[in-house]
Amino acid sequence: MAERKKNVYSRQLISFNPNFRIDTSNPQMGKTGEDVYKLYGVTDNGETQSSISLSSAGSFEIYNDRTITICGGTDNNGKEEDIIIIGKNGNVSISANGMVRIRATSIMFEADEDIQFKAGRNVDIKSGSGRTLLQGTQLDLDAPLGSLMDELGQGFLQQVFAGSFVGADVITGAVGGSGLLSGVAGVVLNKVVSEVT
Amino acid sequence: MLDQSLLQSHFIGRDGFRWWIGQIPPIGTMGSQVEGGGWGNRFKVRILGYHPYSEAELPSEDLPWAQVLIPTTSGSGAANCATGVQLQPGDIVLGFFLDGDNAQIPVILATFGRTDQVPSATWKSPFEAFTGYSELIDKTKLTPSESNEVKANSQPSPQNISPEQAQQLSARVGYEVISLNEAIGDVIPLANTVQNTKVSAIKSVITNLLKKIKRFQGNIQKTKESISAAVDRIVSISNEFVGSIMKVLIDGNEKEGGSFPGLKGLLKKGLDLLYKLIFGQVLAATGSETAAHQAGVKAQEAMVVPVKLLEDAFPCIMGTVINLLKDTVTDIISSVVDNVDRFVGCAAEQFTGSLLNSIIGTIESLIEGPLGAVSNILQFFSDFNPGNIMRSVVDGLASVGSAFACNQNFDNYVGLVNEFIVGGTPAFDGGNPFPNIQSVTNLVNSGVDPNSVVGCFTGALEIASPPIINIFGGSGKGAKAVPIFGNVVTNSNGNITASIIGAQVTDPGSGYTFPPFVEVIDDNDQGYGAVARSVINDEGKVTAIYFVSEGENYSVGDIDQYSVIDVVVDDGGNGYGNDTVVTDNLGNSYDIKIINGRIAEVTPLNNTVDSLPVLTALSDSGSGAILRPLLGTSRFTTGEIQTSIDCPI
């Protein structure tokens, strides 16, 4: 049987050289359909390919094997929007194998509903010369450990000994001396680790 | 001669007009013209029937220069209007002499396009075809091609398919197909703060690693670097597992509906029991309640420092577990790399189960010492086993816990796409794997190979199976469909492949509030390009699936005769009148209903198809209609079509 029907006739190609081409209506199939258009470039040594394309299923894609830089607003004033990214109806997803780093004079997050931060390890919030404010109609804490819990009398030690006959001064003394105890804990743990490894 | 000169008008065309056909010689003969010191657009040219065939008689360096005429659409260079001349050595060009019969001023007017019949060899002798590639224009990664024809294989461009698929396709079509980007086909886990998607993340890391290693084809250094990077990623991903498990150990899971009060609850209860024990012993020995009470209090006080030591040890244990995990993860990944061809869902579950078992085992070892310090309290709970506790809560790792406030709408977060295929479409992440992972964790802990209990085939597929259609999202469930194949192709190796031109809905499901995503899953990773969208009705059922791209190279399942059973009017356009005819690229006809210049309804007339029909509304006055054919074996009666949606990219 014949190959898949392909409209080769409608294809228009300008291949400037082996480094760059503009290809339109190419019936070759990609993951999201045939090409509507494709701008493609490759370095002489073949190390870096770069392309901008639209597929017949409506997928618009930009690829580059090395860094992509988008820089706008060189002549804008400080109050203008230099770069705007809009997800008209759905979500905007950013994914990186490394870090996502954002730096600006000020950073604003605004959500009509929820803002959620989730980290597998630590979440650090640090203010410099100013304050750290947590404001809302309800403020909850849910953690078994930490100095804030100790301050609130909800620390691990305090909760374990709540209702016992041990005086608050003894507990407070232990919490206050946590630096010394941490050192002791570290020594104990190191011993265990060395035994495990 | 003088007479001839006097008789000439020196007006182009009046003194004779001589066409010629010639060939541009090798680039090395052009000297400074091609080295940046040239004048105008000139090429040496050897003219057929005018210049000798012999290089010895007339060396290419001595050929005349021919000016190149530029089309009016290209610009002369004035006012920055310019287009570079693209003639190359070996090109056969058509021209004329500006000076007529004198034939001293050749001009190049056009070039003949090359065909793939022209051998792309290096220059051998005048007028023999040779390659346009030269020391100034070398081949790059782009598939070399020297033909300019209206043919499918002329000047192939890099394709938006994975490198593995490009490799397969190259073998089929007989020339090298280039993948547009090596990341195409990689699965990317997306952020989700309300659902544990770590297994999906682990699966994507390993799957992408296996693909990479195959591409490296034995490059040991690159393979080692990739494994090392994957280990770091998985160790990093494991942080959340460690934190979640430790939190349950410390805090318990009663808030989440479990029965374990956590170490906190156990120690609290144990302190009370310790007091009672000491109180009873001292009372029995002394008969003094005061002395008994004081002894009990002292016993409790004596536990303050050990409990505090335990508390301080928790963060250190978590950090240490992560540090110790690297070797374990390296071992597990190395085993996967050696033994696994396809990292399917069950393999990811086994991997995660082994990983969690290792994490739990390490926590168990590390916490043993600090727990020993509070053994006087824990002595009352002989059945307390931290390892068993931690293993019993593995299935709870999928849940979001108590992070939601009562005013938050959890529905906003249901049905989020957790995986995306680079260059492709959203993908289903397989649902909640943690119940299975818990079983694996327990099996591994008891020394049983989980694969011996639950078979998980991760080898290469020897028999290509047809693709399946997975319908997910849309806040509903249950919809199922089977692919309809068309454009069946018998390849040179005898294998039959096809496109997917439609899908027959076999179960409409229920509860859909927006059209669910349609994913075409090809376990062979052979086919590509099929993209489908779903249509739902007012009752929340999937009524149809239509394909906006049919794809190619899929293994074929049942082939039957299908017809266009309905047409979705995506956009009725405007300005359509009575002259409007709707037809498709296969020559089929359709009945139409036009209301106020817009196409309101299109009805197929029993049109059997073997490829994806593309519908067109022909009209002198109308434009803008977008019509989507629905394929199947019978007309659906599932109700009025409500809306349709593109798979989000």
Side-chain angles (χ1 to χ4, degrees), chain A residues 1 3-6 8-9 13 15 17-19 21 23 26 28-33 38 40 42 44 46 49 51 53 55-59 61 63 90 93 95 113-114 116 118 120-121 142 144-145 156-157 159-161 164-166 170-171 174 178 181-182 184-186 188-189 192-193 196, chain B residues 137 139-142 150-152 155-161 180-181 184 188 190-191 193 239-240 250-251 264 267-268 271 275 296-297 300-301 304-305 307-309 311-314 316 320 365-366 369-370 402 408 423-424 487-490 499 528-529 531 548-549 551-552 611 646 648-649:
Chain A
M1 293 180 203
E3 274 284 319
R4 178 176 65 87
K5 292 182 182 73
K6 294 178 183 174
V8 179
Y9 182 74
L13 168 75
S15 188
N17 44 46
N19 297 97
R21 60 175 45 192
D23 201 349
N26 188 339
Q28 69 182 14
M29 187 62 72
K31 271 198 174 292
T32 52
K38 182 180 285 164
Y40 170 83
V42 61
D44 273 340
Q49 292 189 106
S51 64
S53 61
S55 73
S56 61
S59 178
E61 287 155 24
Y63 293 105
S93 279
S95 188
E113 292 186 354
D114 311 323
Q116 303 198 6
K118 174 178 156 188
R121 198 165 53 188
D142 178 13
L145 309 171
F156 181 80
L157 193 68
Q159 288 200 48
V160 168
F161 281 90
S164 74
F165 292 104
V166 178
V170 178
I171 303 296
S178 62
L181 290 171
S182 291
V184 176
V188 172
L189 191 67
V192 174
V193 170
V196 170
Chain B
I137 297 185
K139 290 170 185 167
T140 63
K141 190 168 187 168
L142 187 69
V150 187
K151 287 176 75 169
Q155 295 285 344
S157 285
Q159 281 184 241
N160 184 351
I161 52 179
L180 199 57
N181 190 286
I184 291 173
I188 305 296
L190 304 179
T193 58
N239 269 293
E240 188 175 323
I250 298 167
D251 244 0
K264 201 165 60 182
L267 291 172
K268 187 176 170 60
L271 274 175
Y275 171 84
V297 172
Q300 286 188 331
E301 283 178 351
V304 170
V305 170
V307 171
K308 182 61 184 163
L309 282 172
E311 180 184 359
D312 290 344
F314 289 138
C316 304
T320 308
S365 303
L366 294 176
S402 55
Q408 272 180 284
N487 288 324
V488 179
V489 174
T490 304
S499 302
Y528 46 82
V531 180
V548 288
S549 172
E552 64 183 18
S611 63
D646 289 356
I649 300 300

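Treat the numbers as computed from the prediction; the structure is a model and nothing was measured. Letters go in sequence order (proteins before strands), and every chain restarts at 1.
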### Message
Ignoring hydrogens, what is the shortest heavy-atom contact between A/Pro144 and B/Ile250? Give both atom names and the distance.
### Response
CB-CG2, 3.4 Å
### Query
Side chain, backbone, both or neither: which part of A/Phe161 has an atom under 4.5 Å from a heavy atom of chain B?
both
### Query
Any idea which heavy atoms bring A/Met29 and B/Gln159 closest together, and the distance?
O-NE2, 2.6 Å
### Task
For each of A/Val160, A/Val166, A/Val8, tally heavy-atom pairs with chain B at distances under 4.5 Å, and name the one with the top tally.
A/Val160
#### Entry: A/Asn26, part contacting chain B, at a heavy-atom distance under 4.5 Å
side chain
### Per-residue contact mode, A/Arg21 against chain B (heavy atom under 4.5 angstrom)
side chain
## Note on the structure
Cut-off 4.5 Å, heavy atoms of chain B, and the answer for A/Leu157 is both
#### Entry: When B/Leu180, B/Ile137, B/Ile188 are compared by non-hydrogen pairs under 4.5 Å with chain A, the top option
B/Leu180
### Task
Pick one of side chain, backbone, both or neither for B/Ala152, based on which atoms fall under 4.5 Å of a heavy atom in chain A.
both
### Message
Taking the side chain as everything from C-beta on, heavy atoms only, tell me whether A/Asp142 gets closer than 4.5 Å to B/Asp251.
### Response
yes
### Query
Between A/Gln28 and B/Pro158, is there a donor-acceptor pair closer than 3.5 Å when you use the side chain of the first and the backbone of the second?
yes
### Query
Hey, are the side chains of A/Gln49 and B/Asn181 touching, using non-hydrogen atoms and a 4.5 Å cut-off?
no
### Task
Measure distances from A/Ser164 to the heavy atoms of chain B and classify the residue's part below 4.5 Å as side chain, backbone, both or neither.
both
### Message
Ring-plane angle category for A/Phe165 and B/Tyr275, please: parallel below 30°, perpendicular beyond 60°, tilted otherwise.
### Response
tilted
## Note on the structure
Honestly, the part of B/Lys264 sitting under 4.5 Å from a heavy atom of chain A is both
### Task
Give, for atom CG of A/Asn19 and atom NZ of B/Lys141, the distance between the pair rounded to the nearest 0.5 Å.
13.5 Å
### Nearest heavy-atom neighbours spanning A/Lys31 and B/Val531
O-CG2, 3.9 Å
### Task
Please flag which part of B/Ser611 lies under 4.5 Å from any non-hydrogen atom of chain A: side chain, backbone, both or neither.
side chain
### Task
State the OH-CD1 distance between A/Tyr63 and B/Ile184, to the nearest 0.5 angstrom.
4.0 Å
### Task
Heavy atoms only, distances under 4.5 angstrom: which of B/Leu267, B/Asn239, B/Leu190 has the most pairs with chain A? Name it, please.
B/Asn239
### Message
My understanding is that only residues two or more places apart in sequence, or in another chain, count here; which of them pass side chain to side chain contact (heavy atoms under 4.5 Å, CB included) with A/Ser56?
### Response
A/Glu34, B/Ser549
### Task
Identify which of B/Pro156, B/Ala191, B/Gly423 forms the greatest number of heavy-atom pairs closer than 4.5 Å to chain A.
B/Gly423
### Task
Counting only heavy atoms closer than 4.5 Å, note whether A/Ser15 contacts chain B via side chain, backbone, both or neither.
both
